[in-house]
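The structure appears right after this line, and notes come after that.
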Amino acid sequence: MHGLNTCYVILYNDMKRTKVKEVLQTAPSDQEVLVKGWVRTKRGNKYVTFIAVNDGSTIHNIQVVADMTVFSEESLKEVTTGASVSVLGTLVQSQGKGQTVEIQARTVEVLGTADPETYPLQKKGHSLEFLREIAHLRPRTNTFGAVLRVRHAMAFAVHQYFNSKGFFYIHTPIITASDAEGAGEMFRVTTLDPVNPPKTETGEVDFSEDFFGKSTNLTVSGQLEGEVTAMALSEIYTFGPTFRAENSNTSRHLAEFWMIEPEMAFYELEDNMDLAEDFLKYLVRYALDNCMDDLQFLNDMYDKELLPRLNFVVENDFQRLNYTEAIEILKTAKQKFEYKVDWGTDLQSEHERYLVEKHFKKPVILTNYPKDIKSFYMKLNDDGKTVRAMDVLFPGIGEIIGGSQREESYEKLVTRMQEMGVPEKEMWWFLDTRRFGTVPHSGFGLGFERLLLFVTGMGNIRDVIPFPRFPKSAEF
RNA sequence: UCCUCCUUAGCUCAGUCGGUUAGAGCACAUGACUGUUAAUCAUGGGGUCCUUGGUUCGAGCCCAAGAGGGGGAGCCA
């Protein structure tokens with residue numbers, strides 16, 4: 001008896017864990033398997049207990065069957081929703097419907113209990129609002145498991161796409177002294193004593209005493225550094241965290257989000273649009289090819305039009321038109337708008353939605369906006385009134401990409417900076433790109449979470465990032 | 001920041017005209033059931049009705065302020 005036990009323990013310890021995803025794809029032939037994961041549900045009767053185990057490798061659970069003539073009820077008492085378990089058993093063809101294989105358990109070891117009275121997640125559905133309050137546990141739900149796996153796949157696909165096209169991944173700084181990008185309010189980075197900071201003679205905070213010897217902030221964009229490196233490596237991209245201290249309370253904004261910013265030398269606006277469209281279609285196609293289980297779940301649970309919409313985007317060309325044409329369409333539209341449509345003013349959300357969702361019924365690339373509503377670095381058209389900007393507008397999301405051909409002329413760029421009050425003195429290094437070997441170039445920014453909103457069909461951007469940061473919220 | 005709606009059991013929600021002891025489903029506990037599929041059935045426990053103040057004989061319900069959340073807008077990606 002003693003010898004038998006010893007033998008068994010060695011066998012158990014030597015056994016390697018198999019991920020649920022792999023187990024589910026394995027042909028059953030009574031082979032021994034060891035599975036570890038978290039219990040989703042337990043059900044059954046006096047004679048048989050079914051335990052659904054999930055380890056996050058796939059949205060699907062493995063069904064563990066415990067024969068209650070072998071197991072005692074006491075030994076499975078701690079196997080409750082949320083508990084972590086290690087299951088050793090035989091992989092067999094399922095006797096029941098609903099799954100092809102299941103594990104006939106020999107041992108079920110509880111690694112960590114989860115008191116069912118206090119464990120917040122239940123078998124039944126929870127509201128996304130409630131799950132936001134328990135962001136540390138929501139990855140254990142089907143929905144967030146699916147979203148996080150898709151998020152990973154999209155991040156991977158971004159790198160694969162650019163790598164295959166010969167783009168180089170550039171790490172632009174997170175901390176920046178440049179305050180001139182005009183992309184909104186910034187988070188200050190400082191080591192000065194907030195209670196008693198050093199002061200100048202005029203009574204202002206003396207940032208020359210600060211860590212970097214000047215006032216610094218978290219980046220709102222890697223574009224300017226991206227341009228600098230594109231002026232050497234031709235085609236680069238950045239993919240990193242971005243910080244905006246705007247008091248934005250919407251389902252499309254975060255204070256901390258991830259942005260992808262390609263920057264390409266020798267690209268004009270047309271090339272820029274071609275890249276943006278090809279890139280977005282590649283990403284959506286990648287999701288369809290690699291995340292179908294998760295997308296199918298999201299399609300069934302949240303948005304029955306998700307898969308048709310994703311397929312539509314992959315299969316159809318984006319509508320390209322310039323700002324002036326868009327204004328004409330909106331002016332003659334039968335729909336009444338809350339905000340007036342006028343050449344020279346920026347399009348409101350309702351206008352963008354009309355163009356994308358009602359008029360063209362497909363993604364739209366809008367170009368050549370009036371210069372006064374766009375950034376200083378965008379290339380001025382020959383008409384002197386518009387710039388070579390492009391915004392890619394998606395259904396339900398609005399602006400998913402914002403980009404432009406850049407102004408490569410030193411003189412024109414300086415003029416625009418003066419007109420728009422951008423301090424050229426601080427930007428000497430950026431201007432040097434136009435002084436030494438300037439070339440036509442273009443780029444754009446893609447909000448990673450906005451892409452995920454589209455690909456997953458989620459309605460709120462706070463549900464496509466594991467730990468969202470937004471005004472009054474930095475828990476977890 | 002603005003507009004608007006919401007806040008009642010662990011979760012999702014109902015609660016009539018301001019009136020006695022605030023309900024349901026799920027979850028949880030106990031029991032039943034020989035293969036379940038968000039298992040089912042029976043029984044049971046479970047409440048700071050967001051907070052503070054006010055009106056009233058009496059407030060979950062009416063009023064005011066505050067807090068938190070949703071949706072929309074602006075800013076943008």
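Chain A is the first sequence line, chain B the second, and so forth, proteins listed ahead of strands; every chain is numbered from 1.
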- Looking at residues at least two apart in the chain, or sitting in another chain, which of them share a ring pair (Phe, Tyr, Trp, His ring centres under 6.0 Å) with A:F318? A:F394

- So A:F243 and A:F187, would you call those rings parallel, tilted or perpendicular, with 30° and 60° as cut-offs? perpendicular

- Length of the CD-C1' vector between A:E133 and B:U7, whole Å: 11 Å

- Interatomic distance, A:F337 CZ vs B:A73 P [rounded to whole Å]: 13 Å

- Query: side-chain hydrogen bond (donor to acceptor under 3.5 Å, both in side chains): which pairs involve residues 357-367 of chain A, sequence neighbours left out?
  - Reply: A:Q335-A:K358

- Item | Between B:G60 and B:A27 - P atom distance, rounded Å | 30 Å

- Message: Do A:M264 and A:L275 have side chains that approach each other closer than 4.5 Å (heavy atoms only, starting at C-beta)?
- Response: yes

- Message: Both atom distances under 3.5 Å, Watson-Crick or G-U wobble: I'd like the secondary structure of RNA chain B as a dot-bracket string, with | for pairs made across strands.
- Response: (((((((..((((.....[...)))).(((((.......))))).....(((((..]....))))))))))))....

- Query: Parallel, tilted or perpendicular: which fits the ring planes of A:Y282 and A:Y161, with parallel below 30° and perpendicular above 60°?
  - Reply: tilted

- Expressed in whole Å, how much space separates the C1' atoms belonging to B:U8 and B:C61? 11 Å

- Item | Short side-chain N/O contact from A:S349 to OP1 or OP2 of B:G74, under 4.0 Å | yes

- Task: Using the C1' atoms only, state how far B:G47 lies from B:U12, rounded to an integer number of Å.
- Result: 16 Å

- Message: Suppose we screen for ring pair (Phe, Tyr, Trp, His ring centres under 6.0 Å). Which residues come up paired with A:F476, at least two apart in sequence or across chains?
- Response: A:H136

- Less than 3.5 Å between a donor and an acceptor, one on the side chain of A:Q122 and one on the base of B:G10, is that the case here? yes

Enumerate the protein-to-nucleotides 43-52 of chain B contacts in which both atoms are nitrogen or oxygen and the separation is below 3.5 Å.
none

- Item | Closest-nucleotide ordering on RNA chain B, the 5'-leading residue of A:N460 and A:E73 | A:E73

- Query: Is A:F257 stacked on the base of B:A77, with ring centres under 5.5 Å apart and planes under 30° apart?
  - Reply: yes

- Kindly say whether, by distance alone, the side chain of A:H126 makes a donor-acceptor pair under 3.5 Å with the base of B:C11? no

- Sequence neighbours left out, what passes ring pair (Phe, Tyr, Trp, His ring centres under 6.0 Å) with A:F337? Give chain and number order. A:H351, A:Y354

- Message: Any base atoms under 4.0 Å from A:E399, or only sugar-phosphate, or nothing? Heavy atoms, all strands.
- Response: sugar-phosphate

- Query: At under 4.0 Å between heavy atoms, what does A:F130 touch on the DNA or RNA strands: base, sugar-phosphate, or nothing?
  - Reply: sugar-phosphate

- Task: Using a strict 4.0 Å threshold on nitrogen-to-oxygen distance, state whether A:K165 and A:E235 make a salt bridge.
- Result: no

- Task: Flag this pair as yes if the NZ/CZ of A:K385 is under 6.0 angstrom from the six-membered ring centre of A:W343 and inside a 45 degree cone about the axis; otherwise no.
- Result: yes

- Quick one: does A:S248 reach the base of B:C75 with a side-chain donor-acceptor pair under 3.5 Å? yes

- Query: Got a sec, which pairs hit ring-ring contact (aromatic ring centres under 6.0 Å, His included) with one end in residues 42-100 of chain A, sequence neighbours left out?
  - Reply: none

- Query: How are the rings of A:F162 and A:F279 set to each other: parallel, tilted or perpendicular (split at 30° and 60°)?
  - Reply: tilted

- Note on the structure: residues 73-100 of chain A vs salt bridge (Lys or Arg N to Asp or Glu O under 4.0 Å), sequence neighbours excluded, gives none

- Give a yes/no on whether any side-chain N or O of A:N249 is located under 4.0 angstrom from OP1 or OP2 of B:G71. no

- Item | Pairwise C1' distance for B:G23 and B:U36, with rounding to whole Å | 31 Å

- Task: Tell me whether the OP1 or OP2 atom of B:A73 has a side-chain N or O from A:R353 closer than 4.0 Å.
- Result: yes

- P atom, B:A65 versus B:C28: distance in rounded Å? 43 Å

- Grab the CE-P distance between A:M68 and B:G31 for me, whole Å please. 12 Å

- Item | Whole angstrom value for the distance that separates C1' of B:A77 from CD1 of A:I465 | 12 Å

- Check whether any side-chain N or O of A:T250 sits under 4.0 Å from OP1 or OP2 of B:G72, and answer yes or no. no

- Note on the structure: ring pair (Phe, Tyr, Trp, His ring centres under 6.0 Å) filter on A:F444, not counting sequence neighbours, yields none

- A:I260 near the nucleic acid: base, sugar-phosphate alone, or nothing, with a heavy-atom cut-off under 4.0 Å? nothing

- Between B:A14 and B:A32, how far is it from one C1' atom to the other, in whole Å? 31 Å

- Task: For B:G45 versus B:C13, give the span between their P atoms, rounded off to a whole number of Å.
- Result: 26 Å

- Rounded to whole angstrom units, what separation is found between the CG atom of A:L121 and the C1' atom of B:C26? 14 Å

- Interatomic distance at C1', B:A22 relative to B:U16, whole Å: 14 Å

- Task: Would you mind reading off the distance between A:F470 atom CZ and B:G74 atom P, rounded to a whole angstrom?
- Result: 20 Å

- Message: Counting the atoms with a prime plus P, OP1 and OP2 as sugar-phosphate, which does A:R132 contact under 4.0 Å by heavy atoms, base, sugar-phosphate, or nothing?
- Response: sugar-phosphate

- Task: Looking only at side-chain atoms of A:Y339, point me to the closest of B:C28, B:G74, B:C11.
- Result: B:G74

- Task: Using a 4.0 Å heavy-atom cut-off, write out nucleotides 34-42 of chain B from 5' to 3' as B (base contacted by protein), S (sugar-phosphate only) or - (no contact).
- Result: SBBBBB---

- Item | Side-chain N or O of A:R252 closer than 4.0 Å to phosphate OP1/OP2 of B:G72 | no

- Message: Tell me every residue that passes side-chain hydrogen bond (donor to acceptor under 3.5 Å, both in side chains) with A:Q99, counting only those two or more places apart in sequence or in another chain.
- Response: A:S94

- Message: Consider side chain to side chain contact (heavy atoms under 4.5 Å, CB included). Of A:R469, A:E449, A:R450, A:E246, which one does A:L254 pass it with?
- Response: A:E449

- Message: Just to be sure I understand the geometry, which residues of residues 385-397 of chain A put a non-hydrogen atom under 4.0 Å away from RNA chain B?
- Response: none

- Task: Would you kindly say whether A:Q296 and A:D300 are connected by a side-chain donor-acceptor distance under 3.5 Å?
- Result: yes

- Query: A:P120 and A:I134: which non-hydrogen atoms are nearest, and at how many Å?
  - Reply: CB-CD1, 4.0 Å

- Query: Taking atom P of B:C75 as reference, at what distance in whole Å does atom NE2 of A:H351 sit?
  - Reply: 12 Å

- Query: Rounded to whole angstroms, how far apart are CG on A:N247 and P on B:C76?
  - Reply: 15 Å

